[in-house]
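All values below come from the heavy atoms of this structure, side chains included, with hydrogens, waters and symmetry mates left out. Read the numbers this way: they start at 1 and go in the same order the structure lists the ligands and their atoms.
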Amino acid sequence: TPATSPGTELVFPPGFVWGAATAAFQIEGAAAEDGRVPSIWDTFCRVPGAVANGDTGDVACDHYHRWPEDVALMADLGLGAYRFSTAWPRICPEPGTVNRAGLDFYSRLVDGLLERGIEPWLTLYHWDLPQSLEDRGGWASRETVDHFVEYALVVQGALGDRVRRWTTLNEPWCSAFLGYAGGQHAPGRQEPAAAVGALHHLLLAHGRAVTAMRAVDPTADYGITLNMSVFDPADPGSPADVAAADREDALLNRVFAEPVLLGRYPQVALDAYASVGVAPPVHDGDLAEIAAPIDFLGINYYNGAAVTAQRPTTDSAMPTGAPVERTTSSPSVAADPVWSVSRGLPRTAMDWEVQPDGLRRVLERAHTDWTGPAGIPIHVTENGAAYDDDVAPDGSVPDADRTAYILEHLRAVHAAMGSGADVRGYFAWSLLDNFEWAYGYEKRFGIVRVDFDTLERTPKDSAHAFARVARTGRLGEEPRGGTVVP
Ligand code: PNW
């Protein structure tokens, strides 16, 4: 249980993991180097109109070449952990093949981190499926499950002597539903049946990979990262709104957490899928495989939303975590639409509501409903915000909004821990401004600014504020606006 010292200073327990996160496709660049083959995102970036400004991952932050500088930056900030992902298309260009040069890159990176005392937290899949596997059906195909397990074992074989923290998948909701139903993400398909197939195959790939890797090394930690959100009924007195909020919760949170931690799909989600004539392609024994024991649950949290079953009269802002019906024309994986309504909360440049208390609720709920009973700790594997940053004449980046966002969410983490949630770490998203998927380089989530002309890195004020908390484990009373009292 975290301590609260006199005054309002919050104290995090010793050993709390402080880190920053990135993902391969968003930062590496070097898209055609050392034997890397195209991923679904390389293809998607070339679809006219798919990505803002026609941006691609060809260069990104050029982390593939500049990683020593990035590791040094993290060391300067005093971060204890770095969450990154390995690029499947660098490592297994084709099923059954291994690209040594691709593995060597991550081996150098891991060594560089360990030399600086930074613990590597490796995610195996952060959305960059090799295009050749998409051509065979992608995540909608059950074959992809075996290919993923094979890839996971290759990475473990090369790095398992040094990497102790393994995450199978990042946000499988995004992979399945943005990729195969909404089409906002690669591979840009709009097929509800494929999306629900992808959901199931991603979960099965997770469970099988955990079991296979644990058989090789029972001493390492294995987990999965899920994006979670809180949905409130716009009108708590309306049974239709209450049902809409419950459906959203089932379709974003429970449909991933329950199979992984409880070994079953939630009926509300299955009913929603059935309403459009689709169902997860479950074979006998799949749910037991999906529910393979894990050592930690990673939770990514950005925002909450108020939802309604009534179509709003005015065009409200885009639903944020809303996985199903959007106010846009994306196809649905449920017959009953759910709309999000504005509560007048402040918003980030993504138009996402800032709702720190939602993080407290997500963590407490995950602990109570899923991880606590099994004694599984939670890590906040992503939290952060996009804002349009200004660069001051002296070159500094006074990102008061992002600073406040991060510190307020750290308070929420601390509050959840105070109520008993077993949270062991927090990773800021993101270390660097980077390729923000369909938004290209327009949206900046970094605590470190990247000038995309020169590729120069500059820690923003938020990096300094976060570093201070990470170094001391203490969070003082900061007025909103982000001035940190040392
Ligand atoms: C996450 N939504 O993506 C990812 O893990 C990161 O790679 C990404 O950069 C970060 O959050 C910021 O977006 C999401 O539409 C993308 O609800 C979209 C959604 C949620 C998370």
Side-chain angles (χ1 to χ4, degrees), residues 19-28 39-41 44 51-52 55 57 60-61 63 83-85 87 121 123-129 167-186 195 202 224-231 248-249 251-253 256 298-305 307 317-328 330 338 340 347-355 358-359 362 379-387 402 405-406 409 427-447 450:
T22 63
F25 190 81
Q26 295 182 270
I27 64 165
E28 286 179 359
S39 74
I40 54 176
W41 271 95
F44 192 64
V51 173
D55 287 342
C61 306
H63 172 78
R83 174 177 180 258
F84 64 99
S85 75
W121 282 61
T123 298
L124 287 162
Y125 186 69
H126 201 128
W127 310 352
D128 44 359
L129 187 73
T167 301
T168 52
L169 307 177
N170 176 73
E171 301 193 356
W173 175 81
C174 292
S175 301
F177 293 100
L178 298 180
Y180 291 84
Q184 304 94 322
H185 281 189
L202 283 155
I224 184 170
T225 280
L226 304 177
N227 49 313
M228 290 201 176
S229 194
V230 277
F231 299 103
E248 287 299 276
D249 178 51
L251 290 169
L252 185 90
N253 300 317
F256 291 93
I299 294 179
N300 295 353
Y301 173 85
Y302 289 92
N303 60 338
V307 296
M318 271 278 289
T320 50
V324 191
E325 276 292 340
R326 297 181 171 248
T327 46
T328 61
S330 68
V338 173
S340 80
R347 290 175 182 263
T348 69
M350 298 295 281
D351 213 16
W352 295 350
E353 282 188 357
V354 178
Q355 191 198 6
L359 177 55
V362 159
H379 286 270
V380 177
T381 40
E382 286 181 23
N383 174 243
Y387 286 104
R402 185 178 295 98
Y405 181 100
I406 290 175
H409 284 75
F427 292 79
W429 182 270
S430 177
L431 177 69
L432 303 171
D433 289 338
N434 61 44
F435 176 80
E436 178 50 32
W437 307 114
Y439 296 88
Y441 298 96
E442 240 169 39
K443 303 294 182 199
R444 294 175 176 271
F445 275 90
I447 58 173
V450 176

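Shown in contact with Tyr302 at under 4.0 Å from a heavy atom are these atoms of ligand 1, numbered in order with element: 10 (C), 11 (O), 12 (C). Shown in contact with Trp437 at under 4.0 Å from a heavy atom are these atoms of ligand 1, numbered in order with element: 6 (C), 7 (O), 8 (C), 9 (O).
At a 3.5 angstrom cut-off on N or O pairs, Asn227 does not count as close to ligand 1. On a distance-only criterion, Trp429 and ligand 1 share at least one N/O pair closer than 3.5 Å. Ligand 1 has an N or O atom lying under 3.5 Å from an N or O atom of Gln26, backbone or side chain. Between Glu382 and ligand 1, at least one pair of N/O atoms sits closer than 3.5 Å. For the pair Asn170 and ligand 1, the shortest N or O to N or O distance falls below 3.5 Å. Looking at Glu436 next to ligand 1, an N or O pair under 3.5 Å apart turns up.
Residue contacts with ligand 1: His126 is included, with a non-hydrogen atom under 4.0 Å away. The shortest heavy-atom distance from Tyr439 to ligand 1 is not under 4.0 Å.
In terms of heavy atoms, Met228 sits closest to Asn253 at CA-OD1, 3.1 Å.
Panel note: side chain Tyr302, backbone Gly384; no donor-acceptor pair is recorded below 3.5 Å. Proximity of a side-chain donor or acceptor of Thr348 to a complementary backbone N or O of Met350 within less than 3.5 Å is detected.
Asp433 pairs by the salt bridge (charged side-chain N to carboxylate O under 4.0 Å, His left out) definition with Arg444, Lys460, not counting sequence neighbours.
Taking the six-membered ring for Trp and thresholds of 30 and 60 degrees, Tyr301 and His409 have ring planes inclined between 30 and 60 degrees apart. Between Phe25 and Trp41, the two ring planes are tilted [angle within 30° to 60°].
Taking the six-membered ring for Trp and the full ring otherwise, the centers of Trp121 and Phe84 sit at least 6.0 Å from each other.
Between Val362 and the choices Asn227, Ile299, Asn300, the side-chain contact (heavy atoms from CB on, under 4.5 Å) rule is met once, by Ile299.
At a heavy-atom cutoff of 4.0 Å, ligand 1 is contacted by the side chain of Trp352 but not by its backbone.
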